[in-house]
There are 2 protein chains.
Amino acid sequence: MQGSRKTARLSEVAKLAEVSPGLVSRILNEDPTLKVRPETRARVLDAIDMLQYTPHASARALRNSQTGLLGFALHHVNDPIYAQFVETAQIAAAERKYSVVLLNAGELVGRQDAFRALVRGHRVDGLLIQSGFSTDGNGLQEVAGSVPSVVFNADQTPGLRTVRLDDTAAASVATRHLLELGHTQIAFVGAEGATSDRRVRGYLDALDEAGVAPIPAISGGWDAGAARAGIEKYFAAGGKATGLVVVTSTSALGVHAGVISAGLSIPGDVSVVSIHNAWFTEHLNPPLTVVELPLADIGRLAVDLLIDQIASPAGGATVLEEPAPRLLERGSTAAPGERSG
Amino acid sequence: MQGSRKTARLSEVAKLAEVSPGLVSRILNEDPTLKVRPETRARVLDAIDMLQYTPHASARALRNSQTGLLGFALHHVNDPIYAQFVETAQIAAAERKYSVVLLNAGELVGRQDAFRALVRGHRVDGLLIQSGFSTDGNGLQEVAGSVPSVVFNADQTPGLRTVRLDDTAAASVATRHLLELGHTQIAFVGAEGATSDRRVRGYLDALDEAGVAPIPAISGGWDAGAARAGIEKYFAAGGKATGLVVVTSTSALGVHAGVISAGLSIPGDVSVVSIHNAWFTEHLNPPLTVVELPLADIGRLAVDLLIDQIASPAGGATVLEEPAPRLLERGSTAAPGERSG
DNA sequence: CTGAAAGCGCTTACAG
DNA sequence: CTGAAAGCGCTTACAG
């Protein structure tokens, strides 16, 4: 709006301050070996201020071979659970002076050319890759191996830097809650991929510890619609579970709906507990009992680890165990004795 | 993994193909004025393939003063409604060879330095700014004025390129639905900002047309918690509405919970209809009647308009009226006669 | 039909 | 304590 005044270049700052461009650059970058007369420095700072000078990002990127860009490769931008993770990670990145580029995990792993343009074209300094779903596999290894990366939700893998939540412990907490209420017919409502597998393990561990036999898992999926269909089929086929541990709260909303549409009540006939607290869980009817995991913390942690990777790449696996999974007991779980049906 | 082989440069491709770097560049960029011998072109293409050459993004960006980056300034990355918008917009951008940088609208409009680094530093080619909330105002104008921008959800504003959905029509459809069911005590559950204001207008239009008097609006907010608190307060104070038009479905989930916790039933005592279809609405108990707006279409449209802005900036306002708002009638609305309380 | 050269805006050894 | 110069990897008039 201010006329057609273009943005200032470094050389114009130098001219205005009557110094060389190199000196301005060194002052801007706080070169520790530099000793300037305070008077000169003040003149340069004034000139920067006067011209509203801001370094040209592409020029810097070319010169430093660093873009200041972190790629986030997600399966769905709109996953209600990971939204919290993404938002925190974005903020953490901004604090560290990085910007975040939104990428499609599917496209990245599937399409050779998209991957090439991104990695070989030096578009980003590093990649935060969301894993743990069925659609992973093949490409992931290659992508993560050719640029500094952190793989979120993957099992420990040689050569990859992974980070994840304590899924096994979370599922155990959920399962123990149902056991303590007196349930003995407890089914796991699962999905595909490593993350679900880890949660199954936690469910089995807790049952084993209590000496209660597992019953066949119900196959759900990572979204409400798939989980609902799975549950409706299960009860239509005469399923006898009184307690359900659901792999994630998005699916639990579908389970919730499916139990009700099967003519059963929550928690009267069936108790439902799921993993992850999210904005909607407390507003359901009845409100959903969940096990909360530190999604915000791990968003920040993943970004920190990624920035470390950029400085010096290394393998390794981190499991965020603190704060521990926390049960938020709400209306969707109760003793099986209260069953009204 | 493939040893320490660095990515190839243009000059290496040229050397391998025994031509000049300029020629390789012209072939890569499909220079229309260029006539090469097919044989030479084939040699160059082979060399590109052999070296897996990909242009260096920063070098191109510096040379062309175009980053290929679009900034998306959102209020909340995790808004369940706009997630759909963001996902489609990201895909549309990728199809047009642009990448998307995730930005915080609050930070952008609030913090002077963040804005400067971004715009004056030539970090992005253009900005898609989410507006329509109470926290807008001041900074927005300045930001949108200094870089090619599209402002989503804003009212028509001189000098800004705006795009939005037909909020007024959507609210009218929702309100007419309740009128047709026979409701006469219909309240709007609103929030702050221009988007809510437009929906209020649609609600008032529909009532006016039917000759039904509006009743005082209920102040809710853009999230479930705030809306729930507003509703609980309303009914605790003896509110008499039998029909509620809720500004957005995220809030409607809170309204849903609030009506129930006030001891009323849906739709027996109170009918609830809201704006926007989202993943969770059909799984509520009872499922939520909503008016669907083309969120995916407008994500794509906004990106198209933004890319147009980059080519040649211009003001203007676009309202996406097609496909028209569509009522999805579900269990949360019924005739007031069915009231059981 | 193809090449040589300048330059996008920075940074950083190297001089002095 | 400060400056001159080269170079990051491209693209594009300008020659020939």
Side-chain angles (χ1 to χ4, degrees), chain A residues 6-45 47-48 51-69 97 116-117 119-123 125, chain B residues 6-45 47-48 51-69 97 116-117 119-123 125:
Chain A
K6 308 290 284 179
T7 55
R9 281 160 298 143
L10 182 61
S11 61
E12 305 181 53
V13 174
K15 201 168 296 170
L16 183 59
E18 299 179 306
V19 295
S20 75
L23 182 56
V24 177
S25 174
R26 273 169 282 200
I27 287 175
L28 233 26
N29 295 308
E30 293 167 341
D31 179 345
T33 73
L34 177 67
K35 254 117 232 199
V36 230
R37 243 173 298 158
E39 170 191 312
T40 311
R41 169 182 304 249
R43 234 180 29 247
V44 169
L45 262 19
I48 287 171
L51 297 175
Q52 301 247 70
Y53 173 72
T54 308
H56 191 290
S58 304
R60 271 201 162 160
L62 175 58
R63 176 61 226 220
N64 299 335
S65 10
Q66 293 216 94
T67 58
L69 255 28
K97 302 288 178 205
R116 266 180 59 175
V119 172
R120 305 189 71 87
H122 299 263
R123 237 202 182 314
D125 293 338
Chain B
K6 308 290 284 179
T7 56
R9 280 159 298 143
L10 182 60
S11 62
E12 305 182 52
V13 173
K15 199 169 298 170
L16 182 60
E18 299 179 304
V19 297
S20 76
L23 182 55
V24 177
S25 175
R26 273 169 281 200
I27 288 175
L28 235 26
N29 295 308
E30 293 167 342
D31 179 345
T33 73
L34 176 67
K35 254 119 233 198
V36 230
R37 243 172 298 156
E39 171 192 310
T40 311
R41 166 179 306 238
R43 232 177 35 244
V44 169
L45 261 22
I48 287 170
L51 297 175
Q52 300 248 70
Y53 173 73
T54 309
H56 192 291
S58 304
R60 269 201 165 161
L62 174 57
R63 176 61 226 224
N64 298 336
S65 10
Q66 293 215 94
T67 58
L69 257 27
K97 302 288 177 206
R116 264 180 61 176
V119 172
R120 305 188 70 85
H122 300 265
R123 237 202 181 311
D125 293 338

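Throughout, protein chains are lettered first and strands after them, A, B, ... in sequence-line order, and every chain is numbered starting at 1.
Across C:dC14, C:dT11, C:dG3, the shortest atom-to-atom separation from the side chain of B:V19 is found for C:dG3. Across D:dC10, D:dA13, C:dC1, the shortest atom-to-atom separation from the side chain of B:R26 is found for D:dA13. Nearest nucleotide to the A:R63 side chain, out of D:dA6, D:dT11, D:dT12: D:dA6. Of the candidates C:dT11, D:dG3, D:dC10, D:dG3 carries the atom nearest the A:S20 side chain, counting heavy atoms from C-beta on. Out of D:dT12, C:dA13, D:dG9, the shortest distance to the side chain of B:L62 is found at D:dG9. Closest approach to the A:V36 side chain among D:dT11, D:dT2, D:dC14 is made by D:dT2 (side chain taken as heavy atoms from C-beta onward). If you check C:dG3, D:dT2, D:dG9 against the side chain of B:A59, the one that comes closest is D:dG9.
B:E12 places its CD atom 9 Å from the P atom of D:dG9, with the value rounded to the nearest Å. Whole-Å rounding puts the A:E30 CD to C:dT12 P distance at 13 Å. At whole-Å resolution of the value, CD1 in A:I27 and P in C:dT11 are 12 Å apart. Between A:R60 atom CZ and C:dC10 atom C1' the separation is 8 Å, expressed in whole Å. To the nearest angstrom, P of D:dC14 lies 14 Å from CG of B:D31. Across the protein-nucleic acid pair, A:L28 atom CG and C:dC10 atom P stand 9 Å apart, rounded to whole Å. Look at NZ on A:K15: it is 14 Å from P on D:dG3, rounded to the nearest Å.
Taking 4.0 angstrom as the limit, B:T40 places a side-chain polar atom (N or O) nearer than this to OP1 or OP2 of C:dT2. Note on B:N29: a side-chain N or O is less than 4.0 Å away from OP1 or OP2 of D:dT11.
Checking side-chain atoms of A:D31 against main-chain N and O of A:T33 turns up a donor-acceptor pair under 3.5 Å. Put simply, the side chain of A:R60 never gets that close to the backbone of A:P55: no donor and acceptor are under 3.5 Å apart. Within the 3.5 Å criterion, the main-chain N or O of A:A59 finds no donor-acceptor partner in the side chain of A:R63.
For B:K35 and A:H56, each mapped to the nucleotide of DNA chain C holding its nearest heavy atom, the one lying further toward the 5' end belongs to B:K35.
A salt bridge does not link A:E12 to A:K15: none of the charged side-chain nitrogens sits closer than 4.0 Å to a carboxylate oxygen.
B:T67 contributes atom OG1, which lies 12.0 Å from atom CG of B:L62 (distance to the nearest 0.5 angstrom).
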